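The structure under discussion appears below in the form of structure tokens.
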Amino acid sequence: MQPRTLPRGRAAVLRAVTGCRGRREEQALHCLVCKLGLASDVVLATALLVRYGKRGLLGPAQRLFDDMRRRDAVAFNAMLAALGASGRAADARRLFDRMPERDRTPASWNTLLTCYCRAGDLASARTVFEASLRAATSSVVSWNAMVDGYCKAGRMDAARELFDRMGSSLRDVITYNTMMAGYLRRGDPAAAIAMFRRLAREEEQTLRPTAVTIATVVTACTQVGDFAFGRAVHLSTRQLLGTSTDAVLSNALMDMYFKCGSVDRALEVFSTMPGAPNLFCWNTVIAGLGRNGRGEDAVRAFRDMVQTSKKINAVKPDSVTFVALLSACSHSGLVREGRELFAEMLPAHGVAPGAEHYGCMVDLLCRAGLLGEAVQLVRTMPVRPNAKVLGCLLLHARSSGDGVTASEWAARRIVELDVRDGAAYGLSNLYASLQRWDHVERHRSAAVASGKEPGRTSYDPQIPHVR
DNA sequence: TTAGGGTTAG
């Protein structure tokens, strides 16, 4: 790069740094910055610092910060955030106190507040919050950060108190999104839906739901099973948000439609998504097809995923993908496919089979009546079988008349396992879950007997995924 | 540079 083109080159490097994904890319760009003699550029150094900070690489972040010849407010705040991301609230506090007065922006106060929240020190966070109120540096962001701190700590009552104190003049859509997510996290999707209804009712004139709002309320609907309301929200907000729904919203919608058996609608969302589907979306599609008895389609979707990812920015299957895929095979009795996919996990996709994948295989083999093979698999598996793997084996062995030996073997291993874990706790959990399995089994038999069969639509790989 | 969201075996 010639000195003459440097200003343009600098802009390009900056864009690359803010847009890069992987760790290797970051390091390569850091090298490039140094080689180009741009290391003293505060803006570039800060951009790199932010990347390292988010990744929790405090060492390189701190070095970049220390090497800066002059530091502006943005650099200080980026360093505060980096410390916060690594849970170093005390260090963040020291840096904050050291900061020159003119460099202390509202963002500095808010970042420090978030540092304490992340570290679980709500009392100190509250002190910073109150101080920022007095220093008149607070904004709706400070309130939202404090509300979120309480939500993440599970203190919904304290969050609600602040929410009420804010009043409708201060609250924005993020305040609502934060509260909704808080209720959802605490396992109270009904309260999240009530919050959404309140937003729609009271703030109708002033606040508009965003894609985040819709994604959150749709997830809440899925959890309570209120698919009618979820569907209504989807339809009524389609115009509101325009056609460009984002990936997370698409994912939440697909998950809802799959879980209520509307495979068509789920696939419609998938095919009309903006941009290329990410890992979450593929995993949802594979799990959703499997859950609806479309094992073949799930395998086809997986093959599509692998093919598509070769062209566009790599989406590589992960551990979740294979849990979804193998259980899809298991549900549809695809023994051969399941075996093949299990065998290619590590060599072809770089995902080492874990206990959960062995669990899927044990289930697959047991359902196909291959109890002996399942036992053999558990005997030779390189990872320690967990209670779920052994429990699965035990369950199948008990229900198949000839499984006495296998059943005894599994029970013995379970006892060994729990003795090694040194707790009767695990054992009682296991028996509790065994009882739940029995319940599930009874439930399933009843559903089959009543002739409930999901409707059939094939996964169509011809649908264009990318526009 | 500061606040909010998604997938996982029986």
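A, B, ... follow the sequence lines: proteins, then strands. Residue 1 opens every chain. Predicted model only: the values in this text are computed from it and were never measured.
- The ring pair (Phe, Tyr, Trp, His ring centres under 6.0 Å) pairs that include a residue from residues 125-145 of chain A are A:F129-A:W143, where partners are two or more places apart or lie in different chains.
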Can you give the donor-acceptor pairs under 3.5 Å from side chains of residues 211-224 of chain A to other protein atoms, not counting sequence neighbours?
unit_1	atom_1	unit_2	atom_2	d
A:T213	OG1	A:N177	OD1	2.8
A:T213	OG1	A:T210	N	2.8
A:T213	OG1	A:T210	O	3.4
A:T213	OG1	A:T210	OG1	3.2
A:T216	OG1	A:V212	O	2.7
A:T219	OG1	A:A215	O	2.7
A:T222	OG1	A:V218	O	2.9

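- Between the side chain of A:H331 and the main chain of A:A328, no donor-acceptor pair closer than 3.5 Å is present.
- Phosphate contact (OP1/OP2 of B:dG4, side-chain N/O of A:K152, threshold under 4.0 Å): present.
- Rounded to the nearest 0.5 angstrom, A:E373 CD and A:L364 CG are separated by 9.5 Å.
- From A:L95, atom CG reaches atom SG of A:C115 across 9.5 Å, with rounding to the nearest 0.5 Å.
- Nucleic acid contact for A:T210: base, since at least one base atom lies under 4.0 Å from a heavy atom of the residue.
- Between A:K259 and B:dT8 there is a side-chain N or O to OP1 or OP2 distance below 4.0 Å.
- Within residues 162-191 of chain A, the residues having any heavy atom closer than 4.0 Å to DNA chain B are, in order of number, A:D172, A:I174, A:N177, A:T178, A:A181, A:R185.
- For residues 72-95 of chain A, the set of pairs meeting the ring pair (Phe, Tyr, Trp, His ring centres under 6.0 Å) definition, not counting sequence neighbours, comprises A:F65-A:F76.
- Scanning atom types as modelled, no donor and acceptor separated by under 3.5 angstrom connect the side chain of A:N283 and the base of B:dG6.
- Proximity of residues 66-99 of chain A to DNA chain B (heavy atom under 4.0 angstrom from any strand atom) is restricted to A:V74, A:N77.
- Between A:D91 and A:R88, the shortest heavy-atom distance links the atoms OD2-NE, 2.7 Å.
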Validation: residues 183-195 of chain A side-chain donor-acceptor distances under 3.5 Å, sequence neighbours left out:
unit_1	atom_1	unit_2	atom_2	d
A:Y183	OH	A:R160	NH1	3.0
A:D188	OD1	A:A191	N	3.2

